[in-house]
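Structure first, commentary second.
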2 protein chains.
Amino acid sequence: MRTYRQYCSIAKALDVVGDRWTLLIIRELLVRGPARYTDIREGVPGIATNLLAERLRELIREGLVRRRDTPPPVAATVFELTERGRELEPVLLALGRWGAPYMYESPGQEDQFRSRWLAWPAAMLLTDGEPDAPLVTVELSAGDEPVVFEISGGRIQTRPSDGSEPDAWLRGTPQMLLGVLSGRLDLATARSEGLEFGGDERVIRRMQPVAA
Amino acid sequence: MRTYRQYCSIAKALDVVGDRWTLLIIRELLVRGPARYTDIREGVPGIATNLLAERLRELIREGLVRRRDTPPPVAATVFELTERGRELEPVLLALGRWGAPYMYESPGQEDQFRSRWLAWPAAMLLTDGEPDAPLVTVELSAGDEPVVFEISGGRIQTRPSDGSEPDAWLRGTPQMLLGVLSGRLDLATARSEGLEFGGDERVIRRMQPVAA
DNA sequence: CCGCATCCGGGGCGATACTG
DNA sequence: CAGTATCGCCCCGGATGCGG
């Protein structure tokens, strides 16, 4: 990107991450952790492959991303955020919070969706209502690759599903899942509108909104 | 801007404010308040006039900016942020905080600078060390149009200079002012390195860093 | 397959000139 | 003062190729 040539920290930040697609690549590396090139592409649908390669090169040069070859027998190259890259988390959370109202409008006809996008910020806005209870898991899916909430010790974190049986699971349209996770829709209402869920319902209720 | 076509609040936010120059226009309207077209241009140096016009049109259409004709005898048209536009403040603060390290490197050869850019975030990171003392003002300038800090009641706010005599003033290079306001440089050291200041020195010391 | 590089058409951007 | 108009150019988008 052409620099803005302004001695202002906002302009300097945008000189580095203001390019098209750049912040979405950072988002993907934040929610996924270390990821292969192909997995980043899957998580940033719509990006042209040459742009992804070029952006990653710039991000590495700027010190926000590191390229690492995993040792045998796995033998794959992964990209991961450096500490400096992870420091963009507050920026992405602020952006996502500002953009949330647009999510309550129905999604565009051809909008892509990944459960990960929803689960990651949700996990940061929810809290474990029973911090002393044992660890439980809730699986979330909208037809794509499922994500798992791990709930324990007062905290909620997300990780990819490993295929094992969760203590509870939710499945429905993206808006339905958003409604439930944001607390704007209670389970009974959501079920009547098409949400499917199973397992221990109390486990789901253990996820509480943290604050306004 | 082409939409990203992703049902993700970060992508939706970038659909609206991800275009080149857009966030810098928002910054300018945030630090200045209602401003005329020409003043925005001065505050966003480097932008082409057709782009400024187009961005303002989009921002109005998206409901972030309002265009208003001031009543006679002033007779000018001003642009100002709507409530929705002002809600981007946390995003810009987060971005500016992340970009701050780039400011400690020396500015680019042709970097433009406005004292306003520095004073606005500084005011939010500083606090009034003597909340019960009467209102005092500190004028800040780096050769451009000065900005005034108003310090009273525990708070620090910025406003344009109205030409009246401040209780204290600071003048120096952008980096020098940054060093003093960020607390990385004390007044004596800064003076020996070229900072000029006058008036009541205790007034300047009344500005305290609020936290890490 | 994975991780790109190359090619090419279109449109957003940048700079300048011009105008009610 | 508050914008249009115009015109290159380069970035972006989409497709394809290709070595490891």
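Below, read A as the first sequence line, B as the second, and so on, with proteins coming before strands; counting in each chain starts at 1.
Minimum interatomic distance between A:Val180 and A:Ala190 (heavy atoms only, all atoms of both residues): CG2-CB, 3.7 Å. In this structure, A:Gly153 and A:Asp128 approach most closely via the heavy-atom pair N-OD2, 3.5 Å.
Under the 3.5 Å distance criterion, the side-chain polar atoms of A:Thr137 are matched with a main-chain donor or acceptor of A:Asp167.
The side chain to side chain donor-acceptor pair (under 3.5 Å) search around A:Arg67 returns none, not counting sequence neighbours. With sequence neighbours left out, the ring-ring contact (aromatic ring centres under 6.0 Å, His included) criterion links A:Tyr104 to no other residue. The side chain to side chain donor-acceptor pair (under 3.5 Å) test applied to B:Gln175 returns no partner, not counting sequence neighbours. Under the ring-ring contact (aromatic ring centres under 6.0 Å, His included) criterion, B:Trp169 pairs with no residue, sequence neighbours left out. Evaluation of the ring-ring contact (aromatic ring centres under 6.0 Å, His included) rule for B:Phe79 yields no partner, not counting sequence neighbours. The ring-ring contact (aromatic ring centres under 6.0 Å, His included) check on B:Trp120 picks up nothing, with sequence neighbours excluded.
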List the atom pairs, with distances to 0.1 Å, where a side-chain N or O of residues 43-61 of chain B and a protein N or O form a donor-acceptor pair under 3.5 Å, not counting sequence neighbours.
unit_1  : atom_1 : unit_2  : atom_2 : d
B:Thr49 : OG1    : B:Tyr37 : OH     : 2.8
B:Arg55 : NE     : B:Arg20 : O      : 2.8
B:Arg55 : NH2    : B:Arg20 : O      : 3.3

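Taking a 4.0 Å limit (strictly below) on heavy-atom distances, residues 36-52 of chain B reaches DNA chain D at B:Arg36, B:Tyr37, B:Thr38, B:Thr49, B:Asn50. For DNA chain D, none of the residues of residues 59-68 of chain A falls under the heavy-atom distance limit of 4.0 Å. Within a heavy-atom distance below 4.0 Å of DNA chain D, the residues of residues 14-35 of chain A found are A:Asp19, A:Arg20, A:Trp21.
Both A:Tyr4 and A:Ala76 lie near DNA chain C, and the one whose nearest nucleotide falls closer to the 5' end is A:Ala76.
Partner of A:Glu196 under the side chain to side chain contact (heavy atoms under 4.5 Å, CB included) criterion, chosen from A:Met176, A:Arg191, A:Arg171: A:Arg171. Among B:Glu80, B:Glu42, B:Glu145, the single residue meeting the salt bridge (Lys or Arg N to Asp or Glu O under 4.0 Å) criterion with B:Arg32 is B:Glu42.
The local environment of CD in A:Glu165 is sparse, with at most 12 non-hydrogen atoms from other residues, nucleotides or ligands closer than 6.0 Å. More than 12 heavy-atom neighbours from other residues, nucleotides or ligands sit within 6.0 angstrom of CZ on A:Arg86. Within 6.0 Å of CD in B:Gln157 there are 12 or fewer heavy atoms belonging to other residues, nucleotides or ligands.
In summary, contact between chain B and DNA chain D, defined as any nucleotide atom under 4.0 Å from a heavy atom of the protein, begins and ends at D:dC1 to D:dG14 in the 5' to 3' direction. Once you apply a 4.0 Å limit to the heavy atoms of chain A, the touched nucleotides of DNA chain C run 5' to 3' over C:dC2 to C:dA15.
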